[in-house]
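Notes follow once the structure below has been shown.
Being a predicted model, the structure only gives us computed values, none of them experimental. Letters A, B, ... mirror the listed sequences (proteins, then strands); counts begin at 1.
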Amino acid sequence: MIRKERRKRKEGGVEEEIDFKSIEKKWQEEWEKNKIFEVKGAREKKKYYVLEMFPYPSASGLHMGHALNYTIGDIYSRFMRMQGFNVLYPMGFDSLGLPAENAAIKAGKNPRGYTEKAIKNFIKQMKELGLSYDWSRVIETHKPEYYKWDQWIFLKMYEKGLAYRKKAPVNYCPKCKTVLANEQVHNGKCWRHKDTDVEIRQLEQWFLKITEYADELYKGIDKLKGWPEIIKKLQKNWIGKSHGTEILFEVIKPEGKKESWKIFTTRPDTIFGVTFMVISAQHPKLMELVTKEQEEKVKKFLKKIKSVSEKEMEELEKEGVFTGSYAINPVNKEKIPIYAGNFVVADYGSGMVMAVPAHDSRDWEFAKKYNLKIKEVISGGNVKERAFIGEGVLINSGQFSGMKSERARIEISKFLEKKKLGKRTTEFRLKDWLISRQRYWGTPIPVVYCEKCGVVPVNEKDLPVELPEKVKFGEGNPLETAKNWVWVKCSKCGWKARRETDTMDTFVNSSWYYLRYTDPKNNKEIFDKKKSEYWMPVDQYIGGAEHACMHLIYSRFYYKFLRDLGMVKGDEPFVNLFNQGLLHGEDGVVMSKSRGNVVLPEEVSEKYGIDTARLFLVSQASPDKDISWDENGIEGSLRFIKRVFDFVVNFESGKTSELVESKLNKAIKEITEDIKNFRYNLAVIKLREFFDNIPEEEISKKDFGTFLKLLSPFCPHIAEELWHKLGNKTFISLESWPKDGKINEKLLKEEKQIERIVVDIRNILKILEGRGEGGRVVKIFAIPSEISLYEKGKEKIEKKTGLEVKVLSIKDAKKFGEKVVKAKPGKPGILIG
RNA sequence: GCGAGGGUAGCGAAGUGGUCAAACGCGCGGGACUCAAGAUCCCGUCCCUUAGUGGGUUCCUAGGUUCGAAUCCUAGCCCUCGCACCA
């Protein structure tokens, strides 16, 4: 019945074009008008919190790459919503930061106006993508109502001694004119200016003591069951925990003064093999160790290593120079020379290492170069050829000689502990978080410097410390140019005080924003505890892998801090993490404005409809893989959508057969699992597979509606439109997700068998055609038990092959005397004539 | 160097012990429709052979385990990403 209808239309030859634009607009307006995506903390419903990493709102707007990111989360949210969860799916903007400031300076404008315009544009574009955000919960980090709470957290950290100031060698980017965090330095270059070397400067800076949580952050990684293994590995590497022993070495300084240095080593078993010490060339106390005789040489050396460019740094040879000072090995009282070296990291351990050239390849290299003693203390290698870093038996090690190295590590540590010459410790690669930025467009650090009282934190009731509007951009820190803002009265003594003019790193803003979504408009407190307890933790976090180390560690740190403050429950903010792949342009390179290969959603939407684009983006590959934009590919998605649309336009409700019902139930079952596990690509295939079967069968309105529900997370506008075309009055977006029912496997198997015979018949026909022969009738000789099966499928076979079908028993085949008619179970004999 | 991931038909991409010559999409070829093109629909798409069959060679390379491997193990090659002298 349906087939006939379709054929008739084809004869008419008029294809109705789908007006994507007005369909999209219509439903976006309906959704908004009816506030269907706004959520309340309904306790009777189970909550589910889906979150995408919020974007920095750039003026250039969204491109297809962003569309992919958000579509992945939107599909998930829509799916979970239909599954009956109370879904929190918010969006906001990480709107403070260098790019806005730089762009605004370029345009000669204040970053605020610039940023707010960009946000407006972002929201418009996001709405056009059909994303089902709760727009009543938008947060913008540049608003004082938001960053007030950044400042509040800072004050709490200050109270607890977790925010502190210290002079430290810092990374300074001459282009950004600001200090960078370690994480923002990539291979010695600025993360934003890949061609700019980062300089080292000594400044007073604010730090957050993330290292206080280093061990917990490290240990907690294993409990993150819903996180990708790769991210967990990256974090572990980043935090870099290593066990070892801190050994006290006596250092004899030039004037003969003695000083105790804690030297960290993971190999205390090699202590008897120490033949020299190396202090980092960047160490602030280096010059204290340099004797007059060596001063010139050391200075020359420092100058030299400063001038090497980053490229050379990579294959840099170990270099150093003698400082003139000595240290005393605590176990055998040997006097050992201290060198300054370029391969020692200043802020790891104490910035000085004990060198055991026989058993460490770096030390070995250095010793060879400067002709230093190599003393073998663990047997098993050939230390004249290379360092032996493996395990073995100790030699030349006093009372420890003859002991196995693994055991010696413990015994020597114990020995040192007993003599109070050392202790076993754990070192972390993770360093405290430097948050000071000499920039305007960030959260002001809420402290003042009083001439009498020194550092005075701003009172909580005086928050927020708002960014002044009137500043001059140019060299250095713009906030210093706002004189009226800078000079205030000290809240303690009333004397003249100067505000801190540094602002906070933007990663501060993104370290807790997920909590603010739970209560975005609260102006009394950072968030209502009850509300955050209902929604937290984030059940599904979605974002790029590039944030593995910075944002995702900082957020975990903040969450733990707030927990210790009694603000939140639980130890981790994000239960499940999904890393989506990147979209590449047609040139195969990651889509980006600077590359110039962007595809704009507006343009795609105009041409194909946004649902088509959404469908295409997730059907290319598993969403965690990178994919490429492909005009041909999206045509394929368009074809599918057109077919579905077409089908509904000409829809005539029929009776769903048991076979179709089985297929539908199977589709429901599989698609549900696929979406749940982010296998969107496979879900789409199953949608297509099911739909491709319908035109040959009848289906009821209700059951076709079920198909539309399955389609709706991917193509929400089209699904909504067709749902209504079928006569439904509700929003499909709020319908409940279909439950799978009975699947008659036998029927499905039988159908496969029919399909197989159709292929067989076609093959024969083709061969016959090649010979110039043909036939109108096909005789199927089945084994007795299968006769009824083919009898049932007769009509279908006739339709598909265009031949008249006669089903006979194989026992009758002999009458035809043909050797071609052999029959096996599942493979009846065939005779075409 | 270390760590992680990966190499599947012309391309993209599923599949991770038998049901695999291997889903699906794109591309390509053929057919229907059309005056024609496009769109649409149907069929095909590793090679040879054939009345639906049978055979051969495949899932980076080379070995191995197994009754049986794209799937497991070993070695090697290549690609991508992360860390990069952390003592």
Side-chain angles (χ1 to χ4, degrees), chain A residues 6-7 9-11 13 15 17 186-188 228-234 236-238 240-242 244 263-267 270 277-278 280 313-318 341-356 359-363 365-366 427-431 545-546 548-549 616 619-622 625-628 630-637 639-640 642-643 646 679 681-682 684-689 692 695 752 756-771 773 775 778 780 800 802 818-822 827-833:
Chain A
R6 303 196 79 212
R7 200 171 285 150
R9 268 193 72 251
K10 239 192 286 166
E11 279 157 12
E15 285 282 331
E17 280 296 321
H186 298 313
N187 295 324
E229 286 304 317
I230 317 154
I231 301 292
K232 293 202 267 185
K233 270 264 157 58
L234 284 173
K236 277 195 173 178
N237 281 346
W238 194 265
K241 186 178 182 176
S242 48
I263 306 296
F264 180 75
T265 179
T266 53
R267 294 294 302 270
T270 63
M277 309 289 284
V278 188
S280 168
M313 198 80 149
E314 276 171 30
E315 58 254 15
L316 194 66
E317 226 181 285
K318 316 236 166 317
N342 63 347
F343 66 98
V344 176
V345 179
D347 48 2
Y348 182 79
S350 61
M352 196 194 299
V353 300
M354 55 176 235
V356 185
H359 305 291
D360 181 285
S361 28
R362 292 157 304 192
D363 300 345
E365 217 180 290
F366 193 85
E427 271 294 316
F428 291 95
R429 199 181 152 277
L430 184 74
K431 289 159 193 131
E546 68 274 17
C549 291
F616 166 71
S619 52
Q620 276 302 91
S622 169
K625 294 232 165 107
D626 289 0
I627 56 164
S628 289
D630 173 20
E631 285 288 322
N632 283 324
I634 195 169
E635 295 272 1
S637 297
R639 272 197 281 274
F640 175 68
K642 274 186 174 164
R643 282 216 311 275
D646 223 37
R679 293 185 302 243
N681 53 329
L682 301 184
V684 171
I685 285 168
K686 279 150 200 167
L687 278 169
R688 296 180 92 120
E689 197 180 3
D692 286 345
K752 274 213 180 108
R756 211 173 300 138
I757 198 171
V758 166
V759 171
D760 286 350
I761 293 168
R762 277 189 190 135
N763 276 336
I764 300 170
L765 276 176
K766 207 169 161 190
I767 291 160
L768 289 179
E769 210 178 291
R771 292 184 191 157
E773 296 171 30
V778 54
I780 295 173
K800 292 207 168 190
E818 293 284 343
K819 57 174 183 270
V820 288
V821 290
K822 292 170 280 185
K827 216 165 209 353
I830 296 168
L831 183 62
I832 295 173

In whole Å, what separates the [atom1] atom of [N] from that of [M]?
{"N": "B:rA70", "M": "B:rA62", "atom1": "P", "answer": "14 Å"}
{"N": "B:rU61", "M": "B:rC11", "atom1": "P", "answer": "14 Å"}
{"N": "B:rC24", "M": "B:rG31", "atom1": "C1'", "answer": "23 Å"}
{"N": "B:rG15", "M": "B:rG52", "atom1": "C1'", "answer": "28 Å"}
{"N": "B:rC73", "M": "B:rG5", "atom1": "P", "answer": "12 Å"}
{"N": "B:rU40", "M": "B:rG6", "atom1": "P", "answer": "37 Å"}
{"N": "B:rA21", "M": "B:rG44", "atom1": "C1'", "answer": "15 Å"}
{"N": "B:rA14", "M": "B:rA87", "atom1": "C1'", "answer": "47 Å"}

Please classify the nucleic acid contact of [X] as base, sugar-phosphate, or nothing, using heavy-atom distances under 4.0 Å.
{"X": "A:V759", "result": "nothing"}
{"X": "A:G636", "result": "sugar-phosphate"}
{"X": "A:S242", "result": "sugar-phosphate"}
{"X": "A:P228", "result": "nothing"}
{"X": "A:D360", "result": "nothing"}

Partner nucleotide, any strand, of [N] [Watson-Crick/G-U, under 3.5 Å]:
{"N": "B:rU58", "answer": "none"}
{"N": "B:rC20", "answer": "none"}
{"N": "B:rG5", "answer": "B:rC79"}
{"N": "B:rG38", "answer": "none"}
{"N": "B:rA84", "answer": "none"}
{"N": "B:rU45", "answer": "B:rG27"}
{"N": "B:rA13", "answer": "none"}

Nucleotide nearest [X] (side chain, heavy atoms from C-beta), chosen from [options]:
{"X": "A:N763", "options": "B:rG82, B:rG52, B:rC85", "value": "B:rG52"}
{"X": "A:N632", "options": "B:rA4, B:rG52, B:rC26", "value": "B:rC26"}
{"X": "A:R639", "options": "B:rC85, B:rG3, B:rC41", "value": "B:rC41"}
{"X": "A:I767", "options": "B:rG25, B:rG27, B:rU50", "value": "B:rU50"}
{"X": "A:D760", "options": "B:rA51, B:rU53, B:rA4", "value": "B:rU53"}
{"X": "A:L831", "options": "B:rA51, B:rA4, B:rA87", "value": "B:rA51"}
{"X": "A:W238", "options": "B:rA4, B:rC83, B:rU40", "value": "B:rC83"}
{"X": "A:R688", "options": "B:rG25, B:rA87, B:rC83", "value": "B:rG25"}
{"X": "A:V345", "options": "B:rA87, B:rA4, B:rC83", "value": "B:rA87"}

Looking only at side-chain N and O atoms, does [X] come under 4.0 Å of OP1 or OP2 in [N]?
{"X": "A:R762", "N": "B:rC42", "value": "no"}
{"X": "A:N237", "N": "B:rG3", "value": "no"}
{"X": "A:K827", "N": "B:rU53", "value": "yes"}
{"X": "A:R643", "N": "B:rC41", "value": "yes"}

Look up atom [atom1] in [X] and atom [atom2] in [Y], then write down how far apart they are to the nearest 0.5 Å.
{"X": "A:I634", "Y": "A:R639", "atom1": "CD1", "atom2": "CZ", "result": "12.0 Å"}
{"X": "A:I685", "Y": "A:E689", "atom1": "CD1", "atom2": "CD", "result": "8.5 Å"}
{"X": "A:D630", "Y": "A:Q620", "atom1": "CG", "atom2": "CD", "result": "6.0 Å"}
{"X": "A:L430", "Y": "A:N237", "atom1": "CG", "atom2": "CG", "result": "12.5 Å"}
{"X": "A:L768", "Y": "A:I761", "atom1": "CG", "atom2": "CD1", "result": "11.5 Å"}

- Starting at the 5' end of RNA chain B, which residue's closest nucleotide do you reach first, A:E229 or A:G351?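 Counting from the 5' end, the first nearest nucleotide belongs to A:E229.
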
- Message: Between A:D363 and A:L234, which residue's closest nucleotide on RNA chain B lies nearer the 5′ terminus?
- Response: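 Result: A:L234.
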
Atom pairs, N/O to N/O, protein against nucleotides 10-14 of chain B, distance under 3.5 Å?
unit_1: B:rA14; atom_1: OP1; unit_2: A:K625; atom_2: NZ; d: 3.3
unit_1: B:rA14; atom_1: OP2; unit_2: A:K625; atom_2: NZ; d: 3.3

- Side-chain contact, heavy-atom cut-off 4.5 Å: A:I263 with A:M277?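 The answer is yes, as the side chains (C-beta and beyond) meet within the 4.5 Å cut-off.
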
- Could you check if a side-chain atom of A:R643 sits within less than 4.5 angstrom of a side-chain atom of A:D692, using non-hydrogen atoms only?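 Yes; the side chains approach each other to less than 4.5 Å.
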
- Task: List in chain and number order the residues that pass side chain to side chain contact (heavy atoms under 4.5 Å, CB included) with A:V344, two or more places apart in sequence or in another chain; answer none if no residue qualifies.
- Result: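 Result, side chain to side chain contact (heavy atoms under 4.5 Å, CB included) vs A:V344: A:V278, A:S280, A:V353.
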
Separation of atom [atom1] in [X] from atom [atom2] in [N], rounded to whole Å:
{"X": "A:D692", "N": "B:rA23", "atom1": "CG", "atom2": "C1'", "answer": "13 Å"}
{"X": "A:E427", "N": "B:rA87", "atom1": "CD", "atom2": "P", "answer": "9 Å"}
{"X": "A:L768", "N": "B:rC43", "atom1": "CG", "atom2": "P", "answer": "19 Å"}
{"X": "A:M352", "N": "B:rC85", "atom1": "CE", "atom2": "C1'", "answer": "18 Å"}

- Query: Nearest heavy-atom pair of A:D363 and A:A355: which atoms, and what distance?
  - Reply: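 Of all heavy-atom pairs spanning A:D363 and A:A355, the closest is OD2-CA, 3.2 Å.
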
- Query: Looking only at heavy atoms, what is the nearest atom pair of A:S242 and A:Y348, with distance?
  - Reply: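 Heavy atoms of A:S242 and A:Y348 come nearest at OG-OH, 3.0 Å.
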
- Item | side-chain contact (heavy atoms from CB on, under 4.5 Å) evaluation trace for A:T270 with A:M354 | CA-CA 10 Å; A:T270 63; A:M354 55 176 235; 3.8 Å; yes

- Find out whether the Lys NZ or Arg CZ of A:K318 is both under 6.0 angstrom from the six-membered ring centre of A:F366 and within 45° of the ring's axis.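 Not satisfied by the 6.0 Å and 45° rule.
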
- Short question: side chain of A:R762, backbone of A:K800 - any donor-acceptor pair under 3.5 Å?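 The answer is yes, because a donor-acceptor pair under 3.5 Å joins these two groups.
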
Give every pair of a protein N or O atom and an N or O atom of nucleotides 19-22 of chain B that lie under 3.5 Å apart, one pair per line with the distance.
none

